[in-house]
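Okay, structure first, notes after.
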Amino acid sequence: MANEQNDQLSAIRHSLAHLMAAAVIELYPGAKNTIGPAIENGFYTDFEMPEPISEEDLPKIEQKMRDILKTWSKFERREATVEEGREVFAWNPYKLEMLEELAKNGEAITIYTSGEFVDLCRGGHVDDAHSINPKSFKLTKVSGAYWRADQTKQQLQRIYGVAFETPDKLKEYLAMMEEAKVRDHRKLGQELDLFVFSDLIGPGLPLYTPRGTVLRRQLDNFVQEMRDEYDYQEVNIPHITKKDAYIASGHWKKFADELFRITTREGHEFAMKPMNCPHHTQIYAARSRSYKELPIRYRETTTCYRDEQSGELSGLSRVRAFTQDDAHVFCRISQVEEEALKIWDIIDRFYGAFGFELKVRFSTHDPANMESYSGGADKWESAEGQLLNIIKQKVGDSYIDGVGEAAFYGPKIDFMAKDAIGREHQVATIQLDFNQPEGFDLTCVNETGDRERILMIHAAVMGSIDRFLSVYIEHSAGKFPIWLAPEQVRIITLNQDEAIVKFASDVAAQAKKLGLRATVDDDNESVGKKIRNAEIMKVPYTVVIGQKEVESGELTPRVRKDIEVSAEHEPHTIDEFLKTVAHETKSRINKTSL
RNA sequence: GCCGCUUUAGCUCAGCUGGUUAGAGCAUCAGUUUUGUAAACUGAGGGUCGUCGGUUCGAAUCCGACAAGCGGCUCCA
């Protein structure tokens with residue numbers, strides 16, 4: 001049932017791709033349409049354009065689409081011979097290329113005609129063009145795209161549209177996009193004073209303000225406290241490394257272009273570390289290890305550097321310096337399952353605490369593309385078998401198949417978090433690595449006194465703190481729970497009376513003693529204005545100190561609207577109030593609604 | 001890196017087709033006010049209009065290069 005609906009909707013979307021192609025070709029003589037699939041939420045078509053189009057042209061194209069739609073009724077299918085196809089699409093080299101490919105593979109050549117528009121297409125349209133509601137689609141953006149998704153091939157122009165069954169559903173979707181704009185972490189990062197970028201420092205190099213740094217610290221503490229429960233040991237490594245380490249790990253071969261390289265004055269080649277595994281292997285390999293010591297679990301929160309393509313950079317989601325909450329478990333094959341399950345527990349607890357729903361992707365090698373990976377097919381299959389076994393235990397069959405999504409050194413269990421407005425982001429990862437232990441010759445001495453090859457599990461919970469922050473800021477819309485809030489209590493003075501200001505700063509000092517982040521606002525502004533300022537900064541608790549409070553020693557806290565508390569507007573003694581907040585902070589109580 | 005778009009004060013934005021000392025709101029600072037739960041009043045300071053070059057009698061405005069940002073593509077250990 002659900003599938004039939006999906007089929008119908010994607011038929012509408014795909015049909016709209018045809019309609020858009022027809023409109024563009026009519027408006028821009030010389031335009032050549034290429035592929036035009038239905039995608040999530042809509043459709044796109046790639047064109048070779050005689051002149052570049054911009055977003056301002058979209059309404060015009062949209063109008064043309066509606067005009068043409070009136071003249072369409074059916075999508076008529078017919079099979080054609082290769083010769084016939086060559087004639088019909090002689091004007092369009094892209095269609096010709098696809099045509100020759102179909103012919104080569106012995107597949108049927110099908111041509112669809114709707115109105116006056118003729119296209120080479122494998123099908124999947126609505127039966128009747130009138131089942132497309134002219135008010136339930138909208139063209140949204142134009143962008144570049146490569147023919148056949150290949151960077152070395154012709155750059156085309158892609159026009160995206162969104163489409164739904166009804167105008168109401170379209171409106172709903174557009175409203176969601178507006179909400180996404182409000183939650184944009186780059187915007188909130190500035191408004192809430194969390195991080196900045198500087199032209200002087202460079203693109204992709206985020207600078208965290210004191211407030212942003214609190215968030216990072218708190219999130220990291222949360223992960224590391226859980227890891228400590230599982231006997232991880234913290235280690236510490238330098239941020240530059242000799243080239244040799246990356247030759248041994250295999251990274252030099254695959255990622256040489258993305259390394260920030262350094263040549264020393266004596267001519268030795270170093271690189272900024274793009275990941276931490278080689279360093280951690282060398283701590284393990286510093287002496288011989290007995291099987292009795294295993295598993296050995298190292299953890300470290302540390303920054304990595306990658307020279308990402310400039311066009312890839314975006315806010316905190318993709319940066320050139322990012323901090324990983326990294327961990328490596330060195331263990332025997334027989335220990336992999338138990339260790340992976342422990343990591344999985346930490347991941348569940350972490351994401352559960354923020355109300356993220358997790359999906360699991362089993363990221364495996366692509367057998368058709370073995371040159372992208374280290375190690376032989378048999379080892380890959382056995383490693384993947386182990387991971388799959390773990391996945392089945394945890395989630396049965398409800399995982400996504402990620403063929404070709406593996407790291408070059410091993411398969412992964414990737415976790416995708418679904419955020420408050422329904423978007424999915426890749427976050428945590430558990431990776432099984434049988435290649436680097438070989439590259440670095442990692443062994444343990446086993447029961448029979450022989451050296452035995454061990455395995456490595458790479459495990460990042462947040463992945464990169466920066467990326468996690470980008471996801472979490474948008475998920476929470478900046479309304480952080482009390483334990484995370486950069487500023488937890490703002491103490492507002494009613495006026496600038498000396499006794500009141502003194503009292504307020506005493507309360508702040510008391511709060512600080514309890515480990516709280518509290519500030520005093522004794523500006524010469526109205527109380528209303530000061531409340532508003534605290535509200536804008538999304539401070540969880542605001543208290544006003546006036547003569548009344550000074551005399552009674554009681555206060556009535558004002559609580560940020562999304563936080564669910566029972567005794568909000570009741571007076572508390574100051575001591576009681578601060579202790580309650582301190583307790584909430586310590587136990588990471590999360591009472592916000594998303 | 002590629003395609004398209006954008007760049008005016010700390011922030012958000014005006015500035016029509018090139019024409020005297022570039023504007024507003026918020027923020028900042030100063031003075032007045034001393035305030036009871038989402039914006040007190042008055043005034044002041046702040047911009048070589050992203051950078052460099054070109055066209056022109058004249059450039060924030062037109063053209064080019066570069067930089068940064070945005071939307072995608074490609075990539076992602």
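Using bins of under 30°, 30° to 60° and over 60° for the plane-to-plane angle, the ring pair His185(A)/Phe195(A) lands in the tilted bin. Using cut-offs of 30° and 60° on the angle between ring planes, the pair Phe408(A) and Phe255(A) is tilted. By the 30° and 60° cut-offs, the orientation of the rings of Tyr305(A) relative to His239(A) is tilted. Classification of the Tyr246(A)-His251(A) ring pair by plane angle, with boundaries at 30° and 60°, yields perpendicular.
OP1 or OP2 of U12(B) sits under 4.0 Å from a side-chain N or O of Gln190(A). At G36(B), none of the side-chain N or O atoms of Arg558(A) fall inside 4.0 Å of OP1 or OP2 (strictly under the cut-off). Dashed line: the shortest gap from a side-chain N or O of Lys254(A) to OP1 or OP2 of A77(B) is not under 4.0 Å. Look at Ser526(A) and you'll find a side-chain N or O under 4.0 angstrom from OP1 or OP2 of A40(B). Listed pair Arg186(A) / G71(B) meets the phosphate criterion, a side-chain N or O lying under 4.0 Å from OP1 or OP2. For Lys530(A) and A40(B), the shortest distance from a side-chain N or O to OP1 or OP2 is not below 4.0 Å. Look at Tyr160(A) and you'll find a side-chain N or O under 4.0 angstrom from OP1 or OP2 of C73(B).
Residue Ala407(A) has its side chain nearest to A77(B) when only U34(B), A77(B), C73(B) are considered. Counting only heavy atoms from C-beta on, Glu549(A) has its side chain closest to G36(B) among C75(B), A77(B), G36(B). Nearest to the side-chain atoms of Ser54(A) among the listed nucleotides U35(B), A27(B), C5(B) stands C5(B). For Pro203(A), counting side-chain heavy atoms from C-beta on, the closest listed nucleotide (C75(B), G69(B), A39(B)) is G69(B). Each of A38(B), A77(B), C73(B) was ranked by its minimum atom distance to the side chain of Arg158(A); first place goes to C73(B). Side-chain proximity of Lys141(A) to G71(B), A77(B), U37(B): nearest is G71(B). In this structure, of U37(B), A68(B), C76(B), it is U37(B) that holds the atom nearest to the side chain of Val544(A).
Sequence order on RNA chain B of the closest nucleotides to His458(A) and Gln157(A) puts Gln157(A) first from the 5' end. Comparing Phe408(A) and Gly315(A) by the nucleotide of RNA chain B whose heavy atom lies nearest to each, the residue mapping closer to the 5' end is Gly315(A).
For Tyr160(A) and Tyr44(A), the ring centers sit closer than 6.0 Å to each other. Taking the six-membered ring where the residue is Trp, the centroids of Phe330(A) and Tyr298(A) are separated by under 6.0 Å.
Atom CG of Asp193(A) and atom P of G10(B) are 16 Å apart (whole Å). Atom pair Ile492(A):CD1 and A38(B):P shows a separation of 10 Å (rounding to whole Å applied). One can place OH of Tyr146(A) at 8 Å from P of C3(B), the figure rounded to the nearest angstrom. Rounded to an integer number of Å, the gap from Gln154(A) CD to C3(B) C1' is 11 Å. One atom, CZ of Arg320(A), and another, C1' of G69(B), lie 13 Å apart when rounded to the nearest Å. If you measure from atom CG of Leu188(A) to atom P of U12(B), you get 13 Å, rounded to the nearest angstrom. For the pair His425(A) NE2 and C76(B) P, the interatomic distance rounds to 21 Å; values are reported in whole Å. Following rounding to the nearest Å, Asp257(A) (CG) and C76(B) (C1') show an atom-to-atom distance of 13 Å.
Rounded to whole Å, the separation between the C1' atoms of G50(B) and G69(B) comes to 11 Å. Comparing the C1' positions of A68(B) and C52(B) gives a spacing of 15 Å, expressed to the nearest Å. Spacing between U20(B) and U12(B) at atom C1', rounded to whole Å, works out to 29 Å. One P atom belongs to U21(B), the other to C63(B), and the distance between them is 24 Å to the nearest Å. Atom P of U17(B) sits at a distance of 15 Å from the matching atom of A60(B), rounded to the whole Å. A gap of 15 Å separates the P atoms of C11(B) and U7(B), to the nearest Å. Nucleotides C49(B) and G23(B) place their P atoms 14 Å apart, quoted to the nearest Å. Between C73(B) and G10(B), the distance separating the two C1' atoms is 35 Å to the nearest Å.
Side-chain N/O atoms of Asn524(A) and base N/O atoms of U32(B) include a donor-acceptor pair closer than 3.5 Å. Between the side chain of Arg318(A) and the base of C75(B), at least one donor-acceptor pair of N or O atoms lies under 3.5 Å.
Base pairing of G18(B) is not made with any nucleotide, judged by Watson-Crick or G-U wobble geometry with both donor-acceptor distances under 3.5 Å. In a base pair of the Watson-Crick type (N1 to N3 plus N6-O4 or O6-N4) or a G-U wobble (N1-O2 and O6-N3), with each distance short of 3.5 Å, U42(B) is matched with A30(B). Judged by Watson-Crick or G-U wobble contacts below 3.5 Å, the nucleotide C66(B) has G50(B) as its partner.
Residue Ala149(A) is in sugar-phosphate contact alone, with no base atom involved, counting any heavy-atom pair closer than 4.0 Å across all strands shown. Residue contacts shown for Gly528(A) are limited to sugar-phosphate atoms, with no base heavy atom under 4.0 Å away. Lys561(A) comes within 4.0 angstrom of a nucleotide base, judged by non-hydrogen atoms across all strands. Contacts of Glu56(A) with the nucleic acid, taken as non-hydrogen atoms under 4.0 Å apart, are absent. Counting non-hydrogen atoms under 4.0 angstrom, Gln496(A) reaches a base of the nucleic acid.
Asp414(A) and Lys412(A) are joined by a salt bridge, as a carboxylate oxygen and a charged side-chain nitrogen come within less than 4.0 angstrom of each other. Ion pairing between a basic and an acidic side chain is recognised when a charged N comes within 4.0 Å of a carboxylate O; Glu308(A) and Arg318(A) show such pairing.
Counting all heavy atoms, side chain and backbone alike, Phe440(A) lies closest to Gln282(A) at CD2-NE2, 3.4 Å.
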